[in-house]
Amino acid sequence: MSSDTTPEPDIELAEQLFSELDSATRDGRGIRRDSYGPGEDAAHEIVRNAGERLGLEIDRDAALNLYLTLPGKDRSLPAVFIGSHLDSVDQGGNFDGAAGVLAGLAVAAGFKNAGVQPERDITVMAIRCEEAHWFDGPYVGTNLAFGRLDPGYLDDLKRSDTGRTLADHMAECGGDVEALRRQEASLEPSKIAAYVELHIEQAPVLVEAELPIGLVTGIRGYRRYSSVRCTGVYGHSGALPRRSRADAVAASVHLIEELNREWVRLEEQEGRDLVFTVGQFSTDERYHGPSKVAGETSFSLDFRSIETQTLDHMMDVLEKTLRRTEHEYGVSFELGARSDSPPAVLSSKLRGAMKSLAKRDGIAAMEMASGAGHDAAVFAELGVPTAMIFVRNRQGSHNPDEEMEIADFREGVRLLASFIDAGEPALSGNLGREDQKEEFGQTA
């Protein structure tokens with residue numbers, strides 16, 4: 001179909017739902033939609049009610065992921081999924097995750113309002129527990145939906161603020177924990193024609209490029225240690241000479257600086273893709289003091305790259321640097337459990353179709369990689385054709401100051417609606433083959 005006949009997405013509905021989410025889950029300056037807690041529950045209830053008002057088919061799985069389906073003409077065909085998560089970090093922003101779910105509802109409402117039935121089912125998926133802020137596990141809601149999360153996580157993962165298990169919190173919210181222990185899957189990759197996730201950008205690339213929309217090429221994988229400990233010996237800051245110290249702070253800072261130096265080297269000399277972050281660092285408030293040599297630190301290490309070999313390399317560097325630092329500073333390190341997520345390459349066919357549709361519809365866009373992790377990575381890893389649309393967002397994410405403009409959101413949702421409306425040619429990658437050969441914006 002041409003852009004003139006594509007059903008107009010219901011942006012007013014999305015704006016209304018953004019407002020409802022804000023009112024229901026704001027906690028001080030920021031948003032608190034805690035995974036498997038009252039905040040996430042409230043968000044899911046708002047979205048569920050909106051789906052019911054639209055007359056969509058409603059379903060939930062054992063992990064409490066929410067599915068809102070607009071029936072297609074041929075219900076035997078694999079469905080197109082539009083999805084994202086509804087949880088947030090503590091004191092986060094109102095758009096991270098939620099924008100993708102509300103984009104799907106806006107598209108579904110547009111089709112309903114226009115009396116247009118898609119060729120195949122369109123399912124809006126509101127995903128649980130994407131943010132590792134609460135349970136440091138790999139895309140918990142999505143992996144549970146596919147039956148591929150190790151059942152041990154249900155009891156091993158403790159929520160960061162309560163210390164209670166994932167199983168406890170899920171049961172409290174009404175989830176079927178026993179079905180999840182049996183790894184019963186609610187989704188099958190073969191029954192999903194495509195997964196498309198719209199999300200705010202979490203870096204300033206689109207802002208700097210002065211473009212509203214990005215088409216994502218891939219998603220960085222990560223290796224993360226959330227609870228590293230360095231143990232030394234407490235001592236008097238004035239009495240102990242350097243040679244006699246086992247200073248946990250000095251050793252930890254040395255380790256981090258060596259890892260940082262390797263990051264710089266790989267990026268500047270070898271052109272590798274890598275980001276390295278220490279998001280937490282602390283001494284023990286029960287024993288530390290301004291006149292003490294610190295005997296213990298705890299901190300996190302987060303490595304991300306689109307290249308598996310780069311992540312492997314940094315694990316080798318980490319191990320060797322740990323051993324050298326222990327010997328030099330007289331301390332010991334415990335890394336604790338590691339969380340892994342592999343890099344994901346998204347579908348070039350779907351992205352090519354979106355390029356053509358963006359050009360046709362006059363939507364300015366660029367290709368770019370995603371530094372942050374997204375549920376889309378799981379779908380892509382399982383062989384589901386997967387695409388992501390980034391929407392320009394000032395002030396970054398995971399903070400109360402997220403600043404996505406509705407005008408930019410509208411452009412992303414327009415592109416999403418055009419993709420759905422284009423149907424089989426878009427899904428097969430046969431849309432606008434000639435257009436796809438032309439230069440398309442910038443690449444980041």
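Basis for what follows: all heavy atoms, side chains included, without hydrogens, waters or symmetry-related copies.
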Can a donor-acceptor pair be found, under 3.5 Å and without considering hydrogens, that links the side chain of [X] to the backbone of [Y]?
{"X": "Asp408", "Y": "Met404", "answer": "no"}
{"X": "Gln91", "Y": "Asp27", "answer": "yes"}
{"X": "Asp87", "Y": "Glu131", "answer": "yes"}
{"X": "Tyr36", "Y": "Ala63", "answer": "yes"}
{"X": "Asp361", "Y": "Ile363", "answer": "no"}
{"X": "Asp10", "Y": "Ala106", "answer": "no"}
{"X": "Ser418", "Y": "Leu357", "answer": "no"}
{"X": "Thr386", "Y": "Val384", "answer": "yes"}

Output the distance between atom [atom1] ([X]) and atom [atom2] ([Y]), rounded to the nearest 0.5 Å.
{"X": "Ile82", "Y": "Leu198", "atom1": "CD1", "atom2": "CG", "result": "9.5 Å"}
{"X": "Ile213", "Y": "Arg414", "atom1": "CD1", "atom2": "CZ", "result": "9.5 Å"}
{"X": "Leu157", "Y": "His169", "atom1": "CG", "atom2": "NE2", "result": "11.5 Å"}
{"X": "Ile420", "Y": "Ile122", "atom1": "CD1", "atom2": "CD1", "result": "4.0 Å"}
{"X": "Ser347", "Y": "Met354", "atom1": "OG", "atom2": "CE", "result": "9.0 Å"}
{"X": "Thr277", "Y": "Leu259", "atom1": "OG1", "atom2": "CG", "result": "11.5 Å"}

- Item | ring pair (Phe, Tyr, Trp, His ring centres under 6.0 Å) evaluation trace for Phe146 with Phe379 | CA-CA 9 Å; Phe146 283 108; Phe379 287 84; 5.2 Å; yes

- Check against salt bridge (Lys or Arg N to Asp or Glu O under 4.0 Å), Glu201 and Arg392: CA-CA 6 Å; Glu201 192 203 356; Arg392 175 169 49 189; over 6 Å; no

Results of side-chain contact (heavy atoms from CB on, under 4.5 Å) for [X] - residues two or more places apart only:
{"X": "Thr165", "value": "Lys158, Ala167, Asp168"}
{"X": "Glu402", "value": "Phe95, Asp96, Ile200, Asn393, Ser397"}
{"X": "Asp161", "value": "Arg32, Trp134, Arg159"}
{"X": "Glu267", "value": "Trp263"}

- Might you work through the side chain to side chain contact (heavy atoms under 4.5 Å, CB included) test for Ile219 and Met388, ending with a clear yes or no? CA-CA 10 Å; Ile219 300 170; Met388 283 195 73; 3.7 Å; yes

Please give me the minimum heavy-atom distance between [X] and [Y], naming the atom from each residue.
{"X": "Leu149", "Y": "Leu144", "value": "CD2-CD2, 3.7 Å"}
{"X": "Leu350", "Y": "Phe419", "value": "CD2-CZ, 3.9 Å"}
{"X": "Ala103", "Y": "Leu416", "value": "CB-CD2, 4.1 Å"}
{"X": "Val413", "Y": "Pro9", "value": "CG1-CB, 3.4 Å"}
{"X": "Leu211", "Y": "Ala364", "value": "CD2-CB, 3.6 Å"}
{"X": "Tyr287", "Y": "Lys292", "value": "O-NZ, 2.7 Å"}

Return yes if a side-chain donor-acceptor contact under 3.5 Å exists between [X] and [Y], otherwise no.
{"X": "Thr142", "Y": "Asp375", "value": "yes"}
{"X": "Glu296", "Y": "Thr231", "value": "no"}
{"X": "Thr297", "Y": "Ser252", "value": "yes"}
{"X": "Asp61", "Y": "Tyr67", "value": "yes"}
{"X": "Ser237", "Y": "Ser291", "value": "no"}

- Query: Can you check side-chain hydrogen bond (donor to acceptor under 3.5 Å, both in side chains) on Glu197 and Ser84, steps first, answer last?
  - Reply: CA-CA 6 Å; Glu197 182 167 355; Ser84 195; 2.9 Å; yes

What I want to find out is whether [X] reaches [Y] closely enough, with some N-O distance under 4.0 Å, to be called a salt bridge.
{"X": "Glu381", "Y": "Arg148", "result": "yes"}
{"X": "Glu367", "Y": "Arg351", "result": "yes"}
{"X": "Glu45", "Y": "Arg48", "result": "no"}
{"X": "Glu178", "Y": "Arg182", "result": "no"}
{"X": "Arg324", "Y": "Glu328", "result": "no"}

- Task: Scan residues 275-287 for pairs that pass salt bridge (Lys or Arg N to Asp or Glu O under 4.0 Å), counting only residues two or more places apart or in two chains.
- Result: Asp284-Arg286

- Task: Mind running salt bridge (Lys or Arg N to Asp or Glu O under 4.0 Å) on Arg223 and Asp312 for me, showing each step along the way?
- Result: CA-CA 9 Å; Arg223 310 277 174 87; Asp312 290 341; 2.8 Å; yes

- Task: Start with the C-alpha distance between Tyr195 and Phe81, add both sets of side-chain angles, then the distance that settles ring pair (Phe, Tyr, Trp, His ring centres under 6.0 Å), and finish with yes or no.
- Result: CA-CA 5 Å; Tyr195 174 82; Phe81 274 56; 7.3 Å; no

- Task: For Arg53, look at atom CZ and say whether over 12 heavy atoms of other residues, nucleotides or ligands are found less than 6.0 Å away.
- Result: yes

- Greater than 12 external heavy atoms within 6.0 Å of Glu210's CD: no

- Start with the C-alpha distance between Glu12 and Gln16, add both sets of side-chain angles, then the distance that settles side-chain hydrogen bond (donor to acceptor under 3.5 Å, both in side chains), and finish with yes or no. CA-CA 6 Å; Glu12 289 186 4; Gln16 173 193 330; over 6 Å; no

- Item | Residue pair Ser300, Ser226: steps toward the side-chain hydrogen bond (donor to acceptor under 3.5 Å, both in side chains) verdict | CA-CA 4 Å; Ser300 61; Ser226 296; over 6 Å; no

- Message: Can you confirm whether or not the ring centre of Phe409 sits under 6.0 Å from the ring centre of Phe18?
- Response: yes

- Looking at the rings of His374 and Phe390, which for Trp means the six-membered one, are their centres under 6.0 Å apart? yes

- Query: Are Arg224 and Tyr222 in a cation-pi contact, defined as NZ or CZ under 6.0 Å from the six-membered ring centre and within 45° of the axis?
  - Reply: yes

- Message: If we check side-chain hydrogen bond (donor to acceptor under 3.5 Å, both in side chains) with His85, which of these qualifies: Arg128, Glu40, Glu130, Arg33?
- Response: Glu130

Contacts table for residues 333-346: side-chain donor-acceptor under 3.5 angstrom, sequence neighbours left out:
unit_1: Arg338; atom_1: NE; unit_2: Asp340; atom_2: OD1; d: 2.7
unit_1: Arg338; atom_1: NE; unit_2: Asp340; atom_2: OD2; d: 3.3
unit_1: Arg338; atom_1: NH2; unit_2: Asp340; atom_2: OD2; d: 2.7
unit_1: Ser339; atom_1: OG; unit_2: Asp136; atom_2: O; d: 3.3

